[in-house]
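Just so it is clear: chains get the letters A, B, ... in the order the sequence lines come, proteins before strands, and each one is counted from 1.
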Protein chains: 2
Amino acid sequence: MTATSPKRVTISDVARRAGVSPSAVSHAFNGRPNVSETTAARIRAAADELNWRPNYASRKVSGQGGRSLGLVIARSRDTFGRDPFFMRLLAGLTEPLADLGWSLSLTLVQADEEEQVYRQWWGEQRVDAFLLVDVRHDDPRLPLVEQLGAPAVLLGAPVDDAVPAVTVADESAFATVLEHLGGLGHRRVARVTDAPGLAHTRARDQRFSHAGAQQGIATSFAAWDPTADDPVAELLARLGGVTAIVVDSESIAAQIVAHAPEVGVQVPAQLSVVAWEDSWVSSLVRPRLTALDAPVEESARTAVALLERLVRGEAAESQTVSGRRLVVRDSTAPAPRSPSQHHRDPDRDSEEAP
Amino acid sequence: MTATSPKRVTISDVARRAGVSPSAVSHAFNGRPNVSETTAARIRAAADELNWRPNYASRKVSGQGGRSLGLVIARSRDTFGRDPFFMRLLAGLTEPLADLGWSLSLTLVQADEEEQVYRQWWGEQRVDAFLLVDVRHDDPRLPLVEQLGAPAVLLGAPVDDAVPAVTVADESAFATVLEHLGGLGHRRVARVTDAPGLAHTRARDQRFSHAGAQQGIATSFAAWDPTADDPVAELLARLGGVTAIVVDSESIAAQIVAHAPEVGVQVPAQLSVVAWEDSWVSSLVRPRLTALDAPVEESARTAVALLERLVRGEAAESQTVSGRRLVVRDSTAPAPRSPSQHHRDPDRDSEEAP
DNA sequence: CGCTTGATGTGTACCGCTTTACAAGAAGCG
DNA sequence: CGCTTCTTGTAAAGCGGTACACATCAAGCG
C-alpha cells in the first residue's frame with residue numbers, strides 16, 4: 001500500500017471555519033487573553049470538527065517551548081534488556097510526561113557515540129531536555145549539557161551543582177538491610193557490585209561501610225565479573241567467610257540465587273542474598289529474593305517535574321525521594337552456625353533456622 | 001540552577017562563515033547537486049566548527065519528510081514491565097532507527113486513551129509513522145491510521161491489506177515444537193494463552209491444531225487466568241491428561257515452572273513446558289525453560305525498513321521474517337509413563353528419563 | 001567566435017504557527 | 001459628550017529551514 005496523505009488541515013482552515021483570523025485561533029489555543037470566551041469556544045468547536053491540533057514542529061519553530069524529553073541509554077542491548085529497572089523507569093516516565101503533553105525520545109547507544117547523540121539531538125532541537133541515567137564519575141555528559149545549555153536532570157547521586165539530581169534516599173536503607181541481616185545473626189556481609197564506574201556506586205559503598213560499622217557488622221566488597229566462565233561460582237569462591245551479600249543489581253542477584261545451589265552453595269541456608277532493586281523478577285526466582293524496593297515511579301515523576309521547571313527557565317534544586325522498602329522474601333535466613341562452608345557437599349549441610 | 005541558553009546557531013551563521021548563501025548550506029546538507037564538492041566541504045567544515053545541525057522542527061515545517069517513529073503501547077505498567085519482549089523490541093528498534101537518523105517516541109497508554117493518542121501525535125505531526133504492536137481482532141487502530149493517512153506497520157499476523165505486517169514465520173515452529181515433544185513421548189499437549197483478543201493468537205491456535213493433527217498429537221487449549229488466586233495451580237488443575245504445554249508468554253511460562261513444584265507438579269518430570277518466546281528470563285528460572293527464540297531484532301529492523309519506505313511514499317508489502325529456533329533447555333523431558341499424575345505427592349514420583 | 005549547456009550559486013516565496021504591534025468599537029468617566 | 005481605557009480581534013513579521021526559479025560564468029561546440 002501507499003500512504004496517501006489527505007491534505008493536512010492547518011490553523012487557517014480552522015480560522016476560516018470559525019470565521020476569525022488565524023491569530024485568533026492561535027490565541028485561543030494558547031490561553032492568551034486576546035479572545036473572548038464565546039469566540040474561543042467557537043474556535044475550539046471548529047478545531048474539533050476538523051480534528052485539528054497545532055502542528056508541533058511549527059510551534060517549536062516559532063519559539064514555543066519544548067515538549068520532548070530525550071533519554072539516551074549507553075548500554076548494550078543485553079545489559080539494557082536484562083535490567084528490569086529500565087522497564088519500570090520507562091513506564092514510570094510515560095505517565096507524568098503524557099500529563100504534560102510531552103513525549104519521550106528513547107535510544108540506546110554505544111558508549112563512544114554517546115556524546116555525539118546528545119549533541120545531535122540537542123543541535124537539531126529534537127529534544128528539549130535530557131534525563132541522565134547511569135551517571136559515571138567525571139561523566140562527560142555533565143559538562144556537555146552545561147556547555148550546550150540543555151536542561152538536564154540526572155537520576156542517582158548528585159554529582160555536579162549545575163545538574164540537579166533526583167536521588168533515592170539510601171541512608172536508612174543500608175541500616176535497614178543490615179539490621180535485618182544482623183537480626184538473623186549475620187556478622188560478615190559483602191556488597192556485590194558491577195559497574196564500578198557509576199557515580200552512585202561509590203556513594204553506596206560508603207554508606208554500606210558506615211552502616212556496617214554502626215551495627216558492628218564486618219563489611220566487605222566483591223566485584224561481579226561477567227567475563228568469568230561461571231561468574232556466580234567465581235564470585236562465591238571469592239566470598240571468604242561472608243554469610244550474606246547485598247547485590248547492587250537485581251538481575252545479578254537473581255542469577256546468584258538461581259545458580260548457587262548448582263555450584264554447591266545453598267541459599268539461604270549457607271548464604272543470604274539481598275537484592276538492591278525489586279521487580280517481578282525477584283518473586284520469580286526460587287528462593288524468592290529479599291529485595292529493596294525503590295520508588296522508581298516516583299523518581300520518574302519527580303525528575304519530570306524538575307525538567308519541566310528547567311525548560312520553563314525556572315531554577316530547580318536536586319531532590320530526594322524516599323520510599324526504599326525492604327521486602328523480605330526467601331533468600332535471607334539465619335546465618336549458618338559455622339561460617340564459610342560454601343564448598344561443602346550441598347547435601348551434607350542443611351542447617352535449618354533455629 | 002537555571003538553563004541559560006546560549007544563542008542558538010542557525011543556518012545563516014554557517015552560511016556567513018563559509019562565505020555562501022543559506023541556500024547553499026541547505027543544498028550541501030541535503031546532498032543536492034547544486035553545490036560543488038569543494039564548497040560543500042567548506043560548508044561542512046564551517047558547520048562543524050560552529051557545531052551546527054539543521055533544526056529538526058524547521059525542516060519538518062518546510063516539508064522535509066519525517067524522522068520520528070511513534071510506538072504507543074496500550075498496556076498497564078505491570079504487563080508492560082514483565083514482558084521481556086518489549087525490552088528486546090525497544091533495543092532492536094533503536095539501532096535501525098539511529099542508522100536512518102530517526103528517533104523513537106514511546107508512550108504507554110490505557111486502552112481507552114489509545115486512539116486519542118494516535119490522533120494527537122499524528123495531528124501534531126509529532127511522529128511520522130506508527131509501529132503497531134499487540135494488534136487485536138478488529139483493531140480500531142487499523143481503520144484509524146488509514147483514515148489519518150499515517151504510515152504504519154504492524155508486528156504480528158497480517159490483518160488488513162492496508163497496513164503491512166511484519167510476521168515471524170510460525171508454520172514450521174509448531175511442527176518443530178511438537179516434533180520435539182512427540183519425540184519425548186508426549187501425546188497430549190495443550191497450548192496456554194493469555195490475551196485471547198490478540199490477532200496472532202487465533203492464527204497460532206490454528207497452526208497448533210494443524211501441526212498436532214499432522215503428527216498424531218492430541219492438542220487442546222487452556223487460558224491463563226491472571227485473576228485467579230493462584231493462577232498456576234488453577235491452570236495446572238485444569239490440564240487433564242496433558243503432559244506438556246506450550247505457553248504463549250515467556251513470563252507466564254517462567255511463573256509456571258517456578259511455581260509448579262510448590263503445588264505438587266514436577267517440571268519436567270510430570271509436565272514439560274515450552275515457552276513461545278525466549279530471553280534471559282528463560283535461562284534464569286529453574287528448570288531452565290525450553291523456549292522458542294524469535295528474531296525480534298530482525299523483525300524490528302524489517303519493520304523500520306518498511307516504515308521508511310512508506311514514509312517516502314513508496315509501497316510496502318507485508319514481510320515475513322524467519323529464524324524461529326527451538327532452544328532446548330531443562331523444562332522438557334520424556335513424558336511420564338502414566339499421564340495425569342499431577343496431583344500425586346511430589347516426592348513419590350521421580351520418574352527419570354529412560 | 002557567438003551561442004548553447006552544464007555546473008554552481010543565490011533570491012525568494014513559502015511551511016504552519018506565534019507574537020508583537022496596532023486597529024476598532026465598547027465601555028468608563030469627569 | 002469628548003476623551004481615555006479596555007476588550008477583542010487582525011495584520012504582519014518572523015522562527016529556521018527548504019525548494020523552486022532564476023542568475024552567472026566557464027566550458028563545449030559547430
Side-chain angles (χ1 to χ4, degrees), chain A residues 5-44 46-47 50-67 101 120-126 128 312, chain B residues 5-44 46-47 50-68 101 120 122-126 128 312:
Chain A
S5 311
K7 199 84 200 122
R8 274 180 130 141
V9 22
T10 78
I11 199 172
S12 311
D13 301 322
V14 176
R16 203 170 312 122
R17 173 146 203 156
V20 294
S21 73
S23 340
V25 178
S26 175
H27 287 141
F29 264 76
N30 292 293
R32 215 69 49 73
N34 289 339
V35 63
S36 74
E37 182 44 44
T38 48
T39 49
R42 190 153 38 90
I43 290 172
R44 280 193 300 270
L50 296 177
N51 219 312
W52 175 84
R53 282 162 184 79
N55 181 312
Y56 177 71
S58 299
R59 34 185 1 193
K60 271 191 81 158
V61 164
S62 43
Q64 186 77 180
R67 311 211 155 304
Q120 186 187 332
W121 280 16
W122 180 253
E124 293 181 342
Q125 293 202 41
R126 209 184 262 274
D128 311 286
R312 286 211 323 268
Chain B
S5 311
K7 198 85 199 122
R8 272 180 132 140
V9 21
T10 78
I11 199 173
S12 311
D13 300 324
V14 176
R16 201 170 312 121
R17 174 146 203 157
V20 294
S21 74
S23 333
V25 178
S26 176
H27 287 143
F29 263 77
N30 292 293
R32 215 70 48 71
N34 289 340
V35 63
S36 74
E37 183 43 44
T38 48
T39 49
R42 191 153 37 90
I43 290 172
R44 280 194 300 270
L50 296 177
N51 219 310
W52 174 85
R53 281 161 186 79
N55 180 313
Y56 176 71
S58 300
R59 36 186 355 193
K60 270 190 83 157
V61 165
S62 43
Q64 186 76 180
R67 310 209 156 303
S68 172
Q120 186 188 332
W122 180 254
E124 292 181 342
Q125 292 202 42
R126 209 183 260 275
D128 311 285
R312 286 211 323 266

Open item on the list: Contact list please: residues 54-62 of chain A against DNA chain C, heavy atoms, distance less than 4.0 Å, in numerical order.
Closed with: Pro54(A), Asn55(A), Ser58(A), Arg59(A), Val61(A), Ser62(A)
Task: Within residues 30-41 of chain A, residues whose heavy atoms come under 4.0 Å of DNA chain C - done: Asn30(A), Arg32(A)
- [ ] Check whether NZ of the Lys or CZ of the Arg Arg8(A) lies under 6.0 Å from the centre of the six-membered ring of Trp122(B) and within 45 degrees of that ring's axis.
- [x] yes
Task: Test side chain to side chain donor-acceptor pair (under 3.5 Å) applied to Arg67(A) - qualifying residues, sequence neighbours left out - done: none
Open item on the list: At 4.0 Å (heavy atoms only), tell me whether Val25(A) reaches a base, stays on the sugar-phosphate, or touches nothing.
Closed with: nothing
Open item on the list: Could you check whether Arg44(B) pairs with Glu37(B) (Lys NZ or Arg NE/NH1/NH2 to Asp/Glu carboxylate O, under 4.0 Å)?
Closed with: yes
Task: Lys60(A) and Glu124(B) ion-paired at < 4.0 Å - done: no
- [ ] Report yes if some heavy atom in the side chain of Ile11(A) is under 4.5 Å from a heavy atom in the side chain of Pro54(A); otherwise report no.
- [x] no
Task: Listed partners of Arg32(A) passing salt bridge (Lys or Arg N to Asp or Glu O under 4.0 Å), at least two apart - done: none
Open item on the list: Please identify the 5'-most and 3'-most nucleotides of DNA chain C with any atom under 4.0 angstrom from a heavy atom of chain B.
Closed with: dT8(C) to dC15(C)
Open item on the list: So for the helix from dC1(C)-dG30(D) to dG30(C)-dC1(D), with five pairs setting each end axis, what is the inter-axis angle to 10°?
Closed with: 50°
Task: Residue mapping more 5' on DNA chain C - nearest nucleotide basis, Ala24(B) or Ile11(A) - done: Ala24(B)
- [ ] Establish, with yes or no, whether the OP1 or OP2 oxygen of dG17(D) is under 4.0 angstrom from a side-chain nitrogen or oxygen of Gln125(A).
- [x] no
